[in-house]
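To start, the structure itself, in structure tokens.
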Amino acid sequence: MNREEMFKEAIRENDRRIFNICRHYFGPADEAGDAYQEILLKIWLNIMNFRGESQLKTWICRIAVNVCLTSLSKTKKNSSVFRPFSHTDYIDIAGDDEENQQEEEVKMNFFEDFKQKLNPIDKTLVTLYLEEMEYREISQVTGLSEVNARARIHRIKKQIKQEWEEKYGIR
Amino acid sequence: MELDDFKNKRRHSGIIATDNENVYKKRVDDLIVLFKSHEKKMKRKTLTVIAFLTALAAIYLSIVSQKAGLSALGYFIIVIGLFLGALYLFLRYKPLTPQNYSLPMKEFLDELEKKTSYFYYLTDYLIVVILLLILGTGGGLVFITSLLKYTDNVVLLLILWTIFFLSLSVFGFWAGRKNWKKENGDFLEKIIEIKNSYSENTKSKE
């Protein structure tokens with residue numbers, strides 16, 4: 001398989017994932033598009049070095065996270081490591097019910113505020129977790145041990161639940 | 001309210017339309033063309049740097065051939081110093097390779113910190129001191145031999161040169177550091193902040 005074919009296959013399978021990671025870091029900002037393109041460039045330049053030591057998905061996620069982190073750090077105007085999503089970035093799965101929509105909006109706003117308070121590594125863990133990656137894969141992307149990644153995500157889960165209940169009671 | 005609730009959310013795309021296979025193929029093909037031109041550009045850039053270094057070395061070498069004795073030796077030492085200095089800068093501050101980006105995040109941040117730091121290793125200081133000694137010796141020889149026709153006081157010339165070169169080196173280090181901080185200081189701080197959040201709670205969790 002030549003480079004072009006390998007690249008096309010890698011992107012076909014992981015395009016959506018790369019895009020979601022960019023959006024997690026940058027929200028709807030233009031930088032998401034820039035980071036997306038930068039990630040594809042790094043994959044293109046490096047695809048022939050992929051030896052299959054890890055899964056292609058994990059390998060691509062590493063590149064995506066690393067590119068996003070450097071892009072964020074280089075942007076001086078950016079005071080926070082993550083940019084918040086607007087609730088309009090999410091398709092409302094609650095349907096047309098106005099009450100449900102409002103509740104979804106409250107949840108989204110709460111989640112974004114919560115994410116802003118997390119440190120950069122925990123934010124990355126949340127991003128990968130929401131991309132439905134396994135702990136083993138998260139560990140391979142971040143370099144944290146599997147136990148540590150699991151423990152941190154568990155702590156974040158507990159924390160978000162606790163903060164929600166403190167603010168809104170049990171819903 | 002659970003973190004898992006947010007797994008089900010779907011975000012708007014806005015950038016690409018993967019649903020349409022033709023649009024997707026066209027986009028990827030366009031990107032491939034773009035990447036190939038990027039690679040060509042990078043190759044050209046590297047060749048330009050090499051050509052510049054070679055040209056500089058050639059100019060100084062031509063001066064060496066026109067001089068004699070200590071003056072020629074001085075110019076020759078400067079050529080060596082400049083060449084080694086350029087080589088060191090080229091290797092030390094060359095950008096991260098694409099391979100670096102596929103490292104686990106933790107290792108990647110280490111690499112990034114090394115590359116972004118003004119002086120990271122002790123060897124950085126050692127190399128710079130050695131390079132300055134080479135350039136200082138070469139420059140000193142040229143300076144003293146050029147001014148010997150005005151005075152016989154070699155010690156005075158040596159002292160003058162030493163003061164001048166030391167001041168220049170200290171100023172260069174200070175100005176370079178200030179400039180570096182302006183350009184990379186925030187970036188490095190952010191990297192260190194992210195690295196620190198790795199160690200946070202790690203001991204208690206493992």
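Being a predicted model, the structure only gives us computed values, none of them experimental. Computed over heavy atoms, backbone and side chain alike; hydrogens, waters and symmetry mates excluded.
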If I take atom [atom1] from residue [X] and atom [atom2] from residue [Y], how far apart are they, to the nearest 0.5 angstrom?
X        : Y        : atom1 : atom2 : answer
A/Asn66  : B/Leu109 : CG    : CG    : 7.0 Å
A/Thr142 : B/Phe108 : OG1   : CZ    : 14.0 Å
A/Trp44  : B/Ile32  : CH2   : CD1   : 5.0 Å

Check your understanding: Does the pair A/Lys157 and B/Asp4 meet the rule for a side chain to side chain contact (heavy atoms under 4.5 Å, CB included), with working shown?
Key -> CA-CA 8 Å; A/Lys157 280 180 172 182; B/Asp4 294 67; 3.3 Å; yes
**Study point:** Polar side-chain atom of A/Asn49 near backbone of B/Gln99 as donor-acceptor pair, under 3.5 Å
**Key:** no
Check your understanding: Does the pair A/Arg62 and B/Glu107 meet the rule for a salt bridge (Lys or Arg N to Asp or Glu O under 4.0 Å), with working shown?
Key -> CA-CA 11 Å; A/Arg62 276 183 193 172; B/Glu107 290 168 40; over 6 Å; no
For [X], I'd like to know if atom [atom1] has over 12 heavy atoms of other residues, nucleotides or ligands within 6.0 Å.
X        : atom1 : answer
A/Phe50  : CZ    : yes
B/Phe52  : CZ    : no
A/Lys161 : NZ    : no

Quick one: what part of [X] sits under 4.5 Å from any heavy atom of chain B, side chain, backbone, both or neither?
X        : value
A/Val141 : backbone
A/Arg150 : neither
A/Phe114 : neither

Of all the heavy-atom pairs spanning [X] and [Y], show the shortest one and how long it is.
X        : Y        : answer
B/Ser102 : A/Asn46  : OG-ND2, 3.3 Å
B/Leu3   : A/Leu130 : O-CD2, 3.7 Å
B/Pro104 : A/Gln140 : CB-O, 3.7 Å

**Study point:** Verdict with reasoning, A/Leu40 to B/Phe35, per side chain to side chain contact (heavy atoms under 4.5 Å, CB included)
**Key:** CA-CA 9 Å; A/Leu40 295 198; B/Phe35 295 159; 3.6 Å; yes
**Study point:** Among A/Leu41, A/Thr58, A/Ile63, A/Val65, residue most engaged with chain B (heavy-atom pairs, under 4.5 Å)
**Key:**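 Heavy-atom pairs under 4.5 Å are most numerous for A/Leu41.
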Name every donor-acceptor pair, under 3.5 Å, that has one atom in a side chain of residues 64-88 of chain B and the other anywhere in the protein, sequence neighbours excluded.
unit_1	atom_1	unit_2	atom_2	d
B/Ser65	OG	B/Ser62	O	2.6
B/Tyr88	OH	B/Asp124	OD1	2.9

Check your understanding: Does any non-hydrogen side-chain atom of A/Glu4 lie less than 4.5 Å from one of B/Lys36?
Key -> yes
Exercise for review: Could you walk me through whether B/Met105 and A/Ile121 pass the side chain to side chain contact (heavy atoms under 4.5 Å, CB included) test, one step at a time?
Suggested key: CA-CA 9 Å; B/Met105 199 173 149; A/Ile121 302 299; 3.5 Å; yes
Exercise for review: Decide yes or no on side chain to side chain contact (heavy atoms under 4.5 Å, CB included) for A/Thr70 and B/Phe187, but give the supporting numbers first.
Suggested key: CA-CA 8 Å; A/Thr70 46; B/Phe187 184 33; 4.3 Å; yes
